[in-house]
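This report concerns only the one structure given below.
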Amino acid sequence: MKFDTPATNNPIDRQTVIGKATDRIDGPRKVSGQAPYAYERHDVVANQAYGVIVGAAIAKGRIRSIDADDAEAAPGVLGVVSWSNAGTLGKSDSHTAKLLAGPDVEHYDQAVAIVVAETFEQARAAAKLLRVDYARAPGSFDLEASKGSAKAPKPDDPQKDKNNTSVGDFAGAFARAPVKVDQTFTTPDQSHMMMEPHATIAAWEGDKLTIWTSNQMIAWAVRDLGQTLMVPKENIRVLSPYVGGGFGSKLWVRSDAVMAALAARAVKRPVKVALARPQIMNNTTHRPATIQRVRIGAGRDGKITAIAHESWSGDLPGGGPETATAQTRLLYAGANRMTATRLATLDLPEGNAMRAPGEAVGLLALEVAMDELAETLKMDPVQLRIVNDTQVDPEKPQRQFSQRNLVGCLRAGADRFGWAKRNPVPGQVRDGRWLVGMGMACAFRENMNQKSAARVGIDGKGVVTVATDMTDIGTGSYTIIAQTAAEMMGVPLDKVVVLLGDSSFPASSGSGGQWGGNSSTAGVYAACMKLREAVAAKLGFNSADAVFEGGKVRSGNRSVALAEAAGPSGLSAEDRMEYGDLAKTYAQATFGAHFVEVGVDAATGEARIRRMSGAFAAGRILNPKSARSQVIGAMTMGIGAALMEEAVVDKRFGYFVNHDMAEYHVPVHADIPHQDVLFLDEVDDKTSPMKAKGVGELGICGAGAAVANAIYNACGVRIRDYPLTLDKIIAGLPAMV
Ligand code: MOS
């Protein structure tokens, strides 16, 4: 099915199940420990051996030799696999650095070998006996130092058009603007820190490989494993029905999967591997650090006449930039504008997507610059955003937004939060030892759709079963897919079974880029439409006026139970939703406004969140309960970005020093008080028949900037170097009495 015109007579619009706050259907399985995660799947294949990955102890250079004699002789050891005996590996589409080093080492903790033993303890002990002799080469590890050599994208690079843009005459308009802001911001490297580490069980049966793993994108995993192991993809099955968080770290298979597969082939046993928490930061991907310059010129009425956003980031050779300028192309009006991304070559671990790549860090700069502009103008920051709203793509004014109610978010959010009580002069509000301030920022995240397929069947008992390789990474996919099938087929939720995360099912959108919710349910919609036609055809009904309701299908005065219609052998249909021109004709995005109250300890500079509130517009909210969870989780991540998260680079040796959860700080419950989330009541009929948009990443976008702006309002200290830790705040605090 192709979506190229808004759907009319749409069963989803009934909203009897869709749009209702619904508990997770997988919740009971999860809380009772019956939802098995990859490493726990002791029962799927017999005789599992344990693999422990040894990572490179240098960031760049070459492996001279590997002495595995002692490791191989250690108790219980079944084998050691490294580049010297792994055979040839292919280059996959997705990986900048290889997932097994050798002889070249491309980054610190890149997998050098896997040691396999009967037990985990034996494998771990033997891994310590492996002796690797390296020839270390000098590398570049410092973004600031490499900024001068950072390059614009090549002319044939798709990024060139995407985030390197110029419209009108920015330089001239900025020079003439009566009010200006010109500031530079820095954001550090960040790590996903999902709860479940990367983990895989790999088993070969002849030349067929099965992988039980933790992955967001099943079809990509099959493709990349096929390319890397040089195995036809028909011979690879990937299963990932439960994922304990991803945030982008599991968009692509990592070394756990490739090394488990290589090890299982070598020792002729199934092998299970988990990356230890301290390996994840340097072995896998991270969100790259940025340096961002934002220039905004405005008239005295606050209207932006010139806006420019440039971003510098680094990656391994062949990698890509952090697209931190993305939102600046679409968020505010202004005739003269430019954006630019510049990429430096760094020999740190691979930089890649982390929740809302681009906007999450881009808004940390843009929305603080807007706060600075508001202050310079002596204008309310909410009002400044309202006067600069646009209903069209500012670069291509003939292109409209599919729907855009940013102003509604600003007004409703300000109202609920009590923004009118804010004192615009910093440092004026005191509560005991706390300096109290309020800040706000806009949320903006692109809405992307991906083609997505599903198979839906009805059995002789009237049970509807959906199968798709979609993943549920904690987002609630199981539930919204069940709601979609229930709505479409007119059955109660408890008559729907959802099967996910198996490459033997039709290929879905997967979970990434906040496209999974809208795209995967649209694929289920397509399959259900086809199934409805099959049911109607079988009964001799006209499918256009057949009504599916209450477990029955009705046409005129005939009504037949679905169970009966399906018959003992059942009925099933498969289809895929694809997108025509609507997705290109309209700019599609999700919007919001964050409001935060913070306290800054007048003596220590410690910043604490006191309350946080946001209003969001993201099309139809398929499940308000799981959507709220997505947004508060993302807001929490935004607080982490503002106040604590930083992967610290050892610039001498090229690795992230604080590589565990003791030293890489993320917010905990005590850091997060009540969060309030309002969704505007809207549907967006240009995005898909679901009329929904993504909501998984929107909440992180702008949240950290609202915190930074609140800190400024609390104490008058403006910090443009994230995270805003107390050492930086206290350095700017006047001596307070
Ligand atoms: Mo997302 S960073 O595409 O999982």
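We count ligands from 1, going down the list as the structure has it; atoms in each ligand are counted the same way.
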Using side-chain heavy atoms (C-beta onward) and a distance below 4.5 Å, is Ser214 in contact with Tyr39?
no
Give a yes-or-no answer on whether the side chains of Thr479 and Asn623 include a donor-acceptor pair shorter than 3.5 Å.
no
Glu367 and Leu331, any side-chain heavy atoms less than 4.5 Å apart
yes
Which N or O atoms of ligand 1 sit under 3.5 Å from a protein N or O, and how far apart is each pair?
| unit_1 | atom_1 | unit_2 | atom_2 | d |
| --- | --- | --- | --- | --- |
| ligand 1 | 3 (O) | Gly513 | N | 2.6 |
| ligand 1 | 4 (O) | Gln216 | NE2 | 2.8 |
| ligand 1 | 4 (O) | Gly248 | N | 3.0 |

Taking atom CE of Met448 and atom CH2 of Trp515, what is their separation to the nearest 0.5 Å?
5.5 Å
Less than 4.5 Å apart, any side-chain heavy atom of Leu348 and any of Phe141?
yes
With no hydrogens and no angle check, do the side chains of Asp721 and Thr186 hold a donor and an acceptor under 3.5 Å apart?
yes
